[in-house]
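The structure appears below as structure tokens.
Numbers restart at 1 for each chain; the letters A, B, ... are given by sequence-line order, proteins then strands. Given the structure is predicted, the values throughout are model-derived calculations rather than measurements.
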Amino acid sequence: MSVSEERYNFAEAEPKWQKAWSAGNCFAAETSSSKTKYYVLEMFPYPSGRIHMGHVRNYTLGDVVARFKRAQGFNVMHPMGWDAFGLPAENAALERGVHPGTWTRQNIGVMKAQFEPLGLSLDWSREIATCEPEYYKHEQKMFTDFLKAGLAYRKESWVNWDPVEHTVLANEQVIDGKGWRSGADVEQRKLNQWFLKITHYAEDLLQAIDTLDRWPDKVRLMQQNWIGRSEGARVTWPLQDAAGKVLGESVEVFTTRPDTLFGASFCAISAQHPLAVKLAATDAKLADFIAECGKVGTSTAAIETAEKQGYDTGLKAEHPFIAGAVVPVYVANFVLMAYGTGAIFGCPAHDERDMEFARKYGLAVRSVVAPEGEDAAASSAKIEAGNTAFTDDGVIVNSAFLNGLKVQPAIRAAIQKLESIGRGKGTVQYRLRDWGVSRQRYWGCPIPIIHCEKCGPVPVPEKDLPVTLPEDVTFDKPGNPLERHPTWKHVKCPTCNAAAVRETDTFDTFFESSWYFARYCSPHLTDRAFDKNEAQSWLPVDQYIGGVEHAVLHLLYSRFFTRALSDCGYLDLKEPFAGMFTQGMVCHETYRAADGAWVEPGNVSKDGGTAVRISDGAPVTVGRSEKMSKSKKNTVDPQAIIDTFGADAARLFMLSDSPPERDLEWTDAGIEGAWRYLNRLWRLAIAARDIVPGPLPSSMDAAPTAVSRQVHRTIAAVGDDLERFRFNSAVARIRELTNSLADLDRTASGGDAVYRFGIETVTKLVGPIAPHLAEEVWQALGHKTLLVDTPWPQFDPSKLEDDVVTLAVQVNGKLRGTISVAKGTDKAACETAALALPAVQKHLDGKPPRKVIVVPEKIVNIVAA
RNA sequence: GCGGGUAUGGCGGAACUGGUAGACGCAGUAGACUCAAAAUCUACCGACCUUACGGUCAUGGGGGUUCGAUUCCCUCUACCCGCACCA
């Protein structure tokens, strides 16, 4: 055996097999096939410049699924593309003077070249980039269709304004009151914006979560909470002025607790409520108060410390149930305009916030719910004297026709009464709000609208699509370059031909990612977004894989789009992703020098227990493991790893040890371990070259028989593990079998045959994980066809288990020995064998057992007297 | 504050629906091969007691159900994630 054969040469093998797969067009999805389809998709990457370890993990996970399903005989579609619009391109333009399009397309080139050495089974013939007019023209058409269908509209509204990025943010993009990218405190501004009516589908989006049985519970729960369904009532409170004069106006509040209406002591409206704005016109103090409310930040700290503030408007509101009773109307800083009606009624005895407000402004506290089984008068006295609201379930008191009812029946009774007297209505309220899609940015899809003074906003006719971005733009000033472009926005109105201007806002980039999975079905179609039949045949995506950070944003928008597109005739489908998997992050230790500077792992040496910076020998502190990020410099470059250990080692390490949904700690020792295994497998495999393949002899020695059973068991277990995303467990099973094969005595009867059988099987099983090595072994074993074209191995269910089983023998639940019995041995025989063990006799201390439990093929437990 | 999750050796993690806790790997220890190193191979590797045989303890803490609990129930603690004045 020559030296070159000792060691697996990944540097030669990996590109060789990548070329072979490419030449064989192995990974192109078949357009017409008798096979069952299987659509595997990883969330497409943003072309930021270079790939990172998170990408490697994401695409490795998907590739294992794709290759496994392909080997199982499915017609697999595993496409790839680029989420190519977005702000970083504009930042690059600002910093380096390069056009966003140039920067983006360059990055795509670089990253595509970086993905290639990973050996992913991608169908590159379906590649898309969302920044190209061939792609985004279709979503401009979609938008005009949404307009026609009433699913898109324009309204002036309060928006989350990011003062650093000079753009609007969706609610989903505001994290703790800060912009999700810039981290700047978000301000409230009033702007004309385009919205998509996601709330139209609120109930359906919520209900259908139950059908997503292959989604993580966590994600389903997050979406449920985000949609936030509450049942309650709208209650009308007619207004009187301070003198008691009926004004003929009313304020409508939303409440989930109409059962507590008899405890109402005030109404409060949002500072942005139309009534507040109207009153402020003639009330300078109120105007000041409203301005003050707008200034208070929405950051976590601000919310926690913000005291409840109110302004008494002097108006009174008439109670719906108590004739002649009125309550004061306040403008209050804690009432949200965007939820419900922007107005509430306050019942301090049974709501913490209302209690705080009532105590501050000296308002009445009237208890109307008493804890069940407690004395009503005593509990009421306690609540009304204290500062703590009683918010639990209980029995209604002091409430006329509601007295004696429990909370839920009382809510129903109160709603019925409100409806019968025409003072309210039972309703369902959602937390979900419509999706604002306008962004004041250049590098996005232009919103295809022309504003005409006479005709208003007019959709760009289909024949004029796409509206493309102008190339000659400058980024030397903040704000939107489209806005200040000299000619681009000046056009004729499509309806009346008068001078008009284009909409200069572009779509939120989540617009592009809300339908790209459908575009992959017909990536080159020019006249439509996708062919309905193609899309229907491929969708839903069978397995979608990505980060949990998109649990709400992208996944909810995509579910909405699928419904909206179906209602517009593009599709006939509700759910785009039948299976969803959220992967964990790739983490690494962090290192800091004495001056606080982060030190990259490549510049740290940990010899002798202390860590030092290699460049200057300065000591560094080893910090906790965190998600790899440029800011903490704890990144490891995938390219360097692939150059040193090869793609298969990187892939194997990504799948070993940590379950894929959990965070993965990157370690040098870990990747070296993966590398060692691959070499070991290679050595064991080439030792099987000279064994003539063939069926196993009908009679073999015990050891080869046992190993052959293990081969069947491993096929079954690995298949099950891959199906259930237990990749770490699959790797462990494969390694276990490898160990058994290494230990197998090949000189025993049947030894060689089982060895060959085992090696061939391990090669097939490891194929989805380390595809290059597997292919190289396959060839070394003398096969003339590609392993990727070889079917997944089958196991023989009759060979999974041994004829002899080992039973644990316990005395009083403690293990005292084991017995081996033939399969199917009856309980009595097991009991006899167990009792015969010397260790058992010793612990029984000569007395007969009180009881013996025999679980066939598992355990014998003897209860001593 | 509300909702959800996690807790197993020095480390990452196994253990299917209650049935031999610690698979597989990493790190470590001893040895073989080598002039030496790397690579490879062999053995050991939860804690404590014991020369050994063996025993006791052990799945975050405490309690319970059970012949038997990492697994089910109650309770406490710690950490992580999501939402956050949602009426």
Side-chain angles (χ1 to χ4, degrees), chain A residues 6-7 175-177 216-226 228-230 232 253-257 260 268 298 300 302-304 306-308 332-336 338-347 350-354 356-357 391 429-433 548-549 551-552 625 652-653 656-659 662-665 667-674 676-677 679-680 683 717 720-721 724 726 728-739 742 806-818 839 842 849-864:
Chain A
E6 286 271 350
R7 200 163 236 224
I175 314 290
D176 283 341
D217 289 343
K218 181 189 162 112
V219 174
R220 301 199 301 175
L221 192 71
M222 282 167 75
Q223 293 215 351
Q224 269 168 22
N225 292 340
W226 193 264
R229 185 182 199 274
S230 303
V253 309
F254 173 74
T255 179
T256 56
R257 293 294 302 274
T260 64
T298 46
T300 313
I303 287 167
E304 278 171 2
E307 217 179 306
K308 305 242 177 313
N333 64 344
F334 66 93
V335 180
L336 302 174
Y339 185 74
T341 58
I344 62 157
F345 86 82
C347 175
H350 306 291
D351 183 287
E352 298 289 356
R353 296 157 301 182
D354 296 347
E356 189 187 334
F357 192 78
T391 56
Q429 185 66 46
Y430 299 92
R431 210 189 72 112
L432 181 71
R433 296 169 209 169
V548 73
E549 67 273 19
V552 175
S625 183
L652 177 61
F653 175 61
S656 310
D657 295 357
S658 291
R662 269 194 237 177
D663 288 353
L664 173 120
E665 162 85 7
T667 60
D668 291 343
I671 182 78
E672 281 161 20
R676 271 201 301 273
Y677 172 74
N679 282 295
R680 180 157 181 257
R683 284 192 305 273
D720 190 47
D721 283 341
R724 295 160 63 185
R726 294 153 42 122
N728 56 325
S729 172
V731 169
R733 304 303 175 112
I734 293 170
R735 296 183 92 133
E736 244 177 322
L737 179 56
T738 309
N739 291 344
T806 305
L807 302 194
V809 179
Q810 299 178 333
V811 177
N812 290 339
K814 287 191 177 167
L815 186 71
R816 296 301 173 191
T818 58
K842 184 180 142 198
R850 190 154 60 93
K851 192 177 174 187
V852 179
I853 293 114
V854 180
V855 182
E857 286 167 46
K858 289 250 164 78
I859 203 161
V860 179
N861 191 14
I862 297 155
V863 187

Original post:
Given atom CH2 of A/Trp226 and atom C1' of B/A84, what is their separation to the nearest angstrom?
Top reply: 10 Å

Original post:
Which is true for A/Ser729 with a 4.0 Å heavy-atom rule: it touches a base, it touches only sugar-phosphate, or it touches nothing?
Top reply: nothing

Original post:
Can you tell me how far P in B/G68 sits from the matching atom in B/U29, rounded to whole Å?
Top reply: 43 Å

**OP:** Sticking with atom P, work out how far B/A27 lies from B/A38, rounded to a whole angstrom.
**Re:** 13 Å

**OP:** Whole angstrom is fine here: how far is it from CD in A/Gln224 over to P in B/G82?
**Re:** 18 Å

Original post:
Which nucleotide, in any strand shown, forms a Watson-Crick or G-U wobble pair with B/G28, with both distances under 3.5 Å?
Top reply: B/C44

Original post:
Any side-chain heavy-atom pair from A/Thr818 and A/Leu807 closer than 4.5 angstrom?
Top reply: no

**OP:** Find the partner of B/G68: check Watson-Crick (N1-N3 plus N6-O4 or O6-N4) and G-U wobble (N1-O2, O6-N3) distances, both under 3.5 Å, and reply none if neither fits.
**Re:** none

**OP:** Applying side chain to side chain donor-acceptor pair (under 3.5 Å), name anything that partners A/Asp720, two or more places apart in sequence or on another chain.
**Re:** A/Arg724

Original post:
Can you tell me how far P in B/G3 sits from the matching atom in B/A58, rounded to whole Å?
Top reply: 34 Å

**OP:** Under 4.0 Å between any heavy atoms, over every strand shown, what does A/Lys308 touch: base, sugar-phosphate, or nothing? Just pick one.
**Re:** base

Original post:
So, is B/G9 syn or anti if syn means the angle is within 90° of 0?
Top reply: syn

**OP:** Using the C1' atom as the reference point in each nucleotide, state the distance between B/U59 and B/A21 in Å, no decimals.
**Re:** 7 Å

Subject >> Watson-Crick/G-U partner (both atom distances under 3.5 Å) of B/A37 >> reply: none

Subject >> RNA chain B: 5'-proximal contact among A/Val863 and A/Lys842 (nearest heavy atom) >> reply: A/Lys842

Subject >> With sequence neighbours excluded, residues passing salt bridge (Lys or Arg N to Asp or Glu O under 4.0 Å) with A/Arg229 >> reply: A/Glu203, A/Glu231

Original post:
CG of A/Leu737 versus C1' of B/A23: gap in Å, rounded?
Top reply: 14 Å

**OP:** Write down the atom of A/Asn333, the atom of A/Glu307, and the distance for their closest heavy-atom approach.
**Re:** ND2-O, 2.9 Å

Original post:
For the side chain of A/Asp354 and the backbone of A/Cys347, is there at least one donor-acceptor N/O pair under 3.5 Å apart?
Top reply: yes

Subject >> Minimum-distance pair of heavy atoms, taken over all atoms of A/Ser230 and A/Phe254 >> reply: O-CZ, 4.2 Å

Subject >> Base-pairing mate for B/U17 - Watson-Crick or G-U, with both contacts under 3.5 Å >> reply: none

Dump every N/O contact between nucleotides 17-22 of chain B and the protein below 3.5 Å, one line per pair.
none

Original post:
So what does A/Val253 touch, heavy atoms closer than 4.0 Å: a base, only the sugar-phosphate, or nothing?
Top reply: nothing

**OP:** Look at A/Asn679 and B/A39 and indicate whether a side-chain polar atom (N or O) is within less than 4.0 Å of OP1 or OP2.
**Re:** no

Subject >> Shortest non-hydrogen contact between A/Arg735 and A/Ser656, atoms and distance >> reply: NH1-OG, 4.5 Å

Original post:
Using purine N1 to pyrimidine N3 plus N6-O4 or O6-N4 for Watson-Crick, or N1-O2 and O6-N3 for G-U wobble, both under 3.5 Å, which nucleotide pairs with B/A78?
Top reply: B/U6

Subject >> Per-nucleotide protein contact string for nucleotides 24-31 of chain B, where B marks a base within reach and S marks sugar-phosphate only (heavy atoms under 4.0 Å, - for neither) >> reply: SSSS----

Original post:
Please give, in whole Å, the distance from B/C83 C1' to A/Leu336 CG?
Top reply: 13 Å

Subject >> Residue A/Val335, side-chain heavy atoms: nucleotide from B/C83, B/A87, B/G82 that is nearest >> reply: B/A87

Subject >> C1' gap between B/A43 and B/A36, integer Å >> reply: 24 Å

**OP:** Please check if any side-chain donor atom of A/Ser625 sits under 3.5 Å from a side-chain acceptor atom of A/Glu665, or the reverse.
**Re:** yes

Original post:
Taking any strand in view, what nucleotide pairs with B/G1 in a Watson-Crick or G-U wobble way, both distances under 3.5 Å?
Top reply: B/C83

Original post:
In Watson-Crick or G-U wobble terms, both distances under 3.5 Å, what is the partner of B/U51?
Top reply: none

Original post:
Does the A/Gln223 side chain pair with the main chain of A/Ala551, one donor and one acceptor, at a distance under 3.5 Å?
Top reply: yes

Original post:
So, for A/Tyr677 and A/Leu652, which heavy atoms are closest and what is the spacing to 0.1 Å?
Top reply: CD2-CD2, 3.8 Å

Original post:
Whole-Å distance between B/C57 P and A/Asn812 CG?
Top reply: 12 Å

Original post:
Is the shortest heavy-atom distance from the side chain of A/Thr738 to the side chain of A/Arg680 under 4.5 Å?
Top reply: yes

**OP:** Taking atom P in both B/G63 and B/A69, compute the distance separating them and give it to the nearest angstrom.
**Re:** 14 Å

Subject >> A/Arg850 to A/Ala864 - nearest heavy-atom pair and separation >> reply: NE-O, 3.8 Å

Subject >> Atom-to-atom span, CG of A/Leu664 to P of B/G12 - whole angstrom >> reply: 12 Å

Original post:
Cation-pi between A/Lys308 and A/Phe357: NZ/CZ under 6.0 Å from ring centre and within 45° of the ring axis?
Top reply: no

**OP:** Find the distance A/Met222:CE to B/A84:C1' and express it as a whole number of Å.
**Re:** 13 Å

Original post:
So what does A/Arg229 hit on the nucleic acid, given a heavy-atom distance under 4.0 Å: a base, only sugar-phosphate, or nothing?
Top reply: nothing

**OP:** Report, as a single string ordered 5' to 3', how protein heavy atoms within less than 4.0 Å touch nucleotides 1-8 of chain B: B base, S sugar-phosphate only, - not at all.
**Re:** --SS----

Original post:
Who are the side-chain contact (heavy atoms from CB on, under 4.5 Å) partners of A/Ala732, not counting sequence neighbours?
Top reply: none

Original post:
Base, sugar-phosphate alone, or nothing: which one does A/Arg726 contact when heavy atoms must sit under 4.0 Å apart?
Top reply: sugar-phosphate

Original post:
When rounded to the nearest Å, what value does the distance between P atoms of B/U51 and B/C16 take?
Top reply: 38 Å

Original post:
B/G13 P sits how many Å from A/Phe653 CZ, rounded?
Top reply: 11 Å

Subject >> Pairwise 5' ranking along RNA chain B for A/Arg724 and A/Arg850, keeping only the more 5' one >> reply: A/Arg724

Original post:
On a whole-Å scale, what distance lies between the C1' atoms belonging to B/U75 and B/G54?
Top reply: 38 Å

**OP:** For the pair A/Asn861 (side chain) and A/Gly813 (backbone), establish whether a donor and an acceptor sit closer than 3.5 Å, ignoring hydrogens and angles.
**Re:** yes

